[in-house]
> 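Structure provided below as structure tokens; questions to follow.
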Amino acid sequence: HQADGLGMSKREDIAANIVTVLDAMSTPELKKITRDPFQTDELSDQQYPAAWIASSEEVRADTTMGSTTREGTIDYVIVGYVKGSSIDTSRNELIEGIEEALDSDRTRGGYALNTETVLIESDEGVLFPIGAVRITVRVTYDFTQGAT
């Protein structure tokens with residue numbers, strides 16, 4: 001719980017911002033976006049493209065010796081799915097759309113110092129006619145110790 005009255009932790013605020021930003025994305029428009037993993041066989045064709053976001057690893061460090069201000073670097077994993085005949089093109093469009101949407105505000109609504117895409121992976125067609133991508137986004141933020 002944060003001391004500044006925001007109610008949620010910055011980790012949670014940042015994750016929520018990512019969902020909000022991707023939900024507003026129009027090219028391509030995500031038909032389903034969630035914080036929880038889902039089974040692709042439970043989706044109808046109209047629910048593609050779809051994505052889920054998960055908080056992953058985090059590294060924390062003091063910004064200066066003896067300081068109560070700390071810096072966190074957290075990875076968020078975005079797993080996206082497309083379906084159809086032009087899987088590779090659809091995957092590339094999804095990756096580009098997600099990157100552009102996240103780059104529009106690298107501060108994640110003021111909760112972060114920076115956002116950068118650090119890894120993009122593809123399933124290379126093993127799920128055909130579904131294509132999957134896994135995008136790792138690294139977000140750096142600062143916080144007061146005891147107030148995360």
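Every value quoted in this text rests on a predicted model; they were computed, and no experiment measured them.
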> Any salt bridge linking Lys10 with Asp13? Criterion: basic side-chain nitrogen under 4.0 Å from a carboxylate oxygen.
no
> Kindly determine whether Asp105 and Thr115 satisfy side chain to side chain contact (heavy atoms under 4.5 Å, CB included), including the steps that lead there.
CA-CA 8 Å; Asp105 175 15; Thr115 301; over 6 Å; no
> Give me the atom names and distance for the closest heavy-atom approach of Ala51 to Ile78.
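Smallest interatomic distance, heavy atoms only, reads CB-CG2, 4.3 Å.
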> Would you check if Val79 and Pro37 make a side-chain contact, meaning some heavy-atom pair closer than 4.5 Å?
no
> I need the Thr63 OG1 to Arg70 CZ distance, nearest 0.5 Å.
9.0 Å
> Can you measure from CG (Leu94) to OG1 (Thr89) and round to the nearest 0.5 angstrom?
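Those atoms lie 12.5 Å apart.
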> Asp75 and salt bridge (charged side-chain N to carboxylate O under 4.0 Å, His left out): which single residue from Arg11, Arg134, Arg138 fits?
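Passing option: Arg138.
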> Minimum heavy-atom separation for Glu93 and Pro28, please, with both atom names.
O-CD, 3.4 Å
> Would Thr40 and Tyr48 count as a side chain to side chain contact (heavy atoms under 4.5 Å, CB included) if you check the C-alpha gap in whole Å, the side-chain angles of each, and the deciding distance to 0.1 Å?
CA-CA 9 Å; Thr40 54; Tyr48 288 92; 3.5 Å; yes
> Testing the 3.5 Å rule here: is there a donor-acceptor pair between the side chains of Tyr81 and Gln47?
no
> May I have the step-by-step check of side chain to side chain contact (heavy atoms under 4.5 Å, CB included) for Tyr111 and Tyr141, ending in yes or no?
CA-CA 7 Å; Tyr111 297 115; Tyr141 69 100; over 6 Å; no
> Would you please test Val21 and Arg108 for side chain to side chain contact (heavy atoms under 4.5 Å, CB included) and show each step?
CA-CA 9 Å; Val21 167; Arg108 308 275 52 89; 3.9 Å; yes
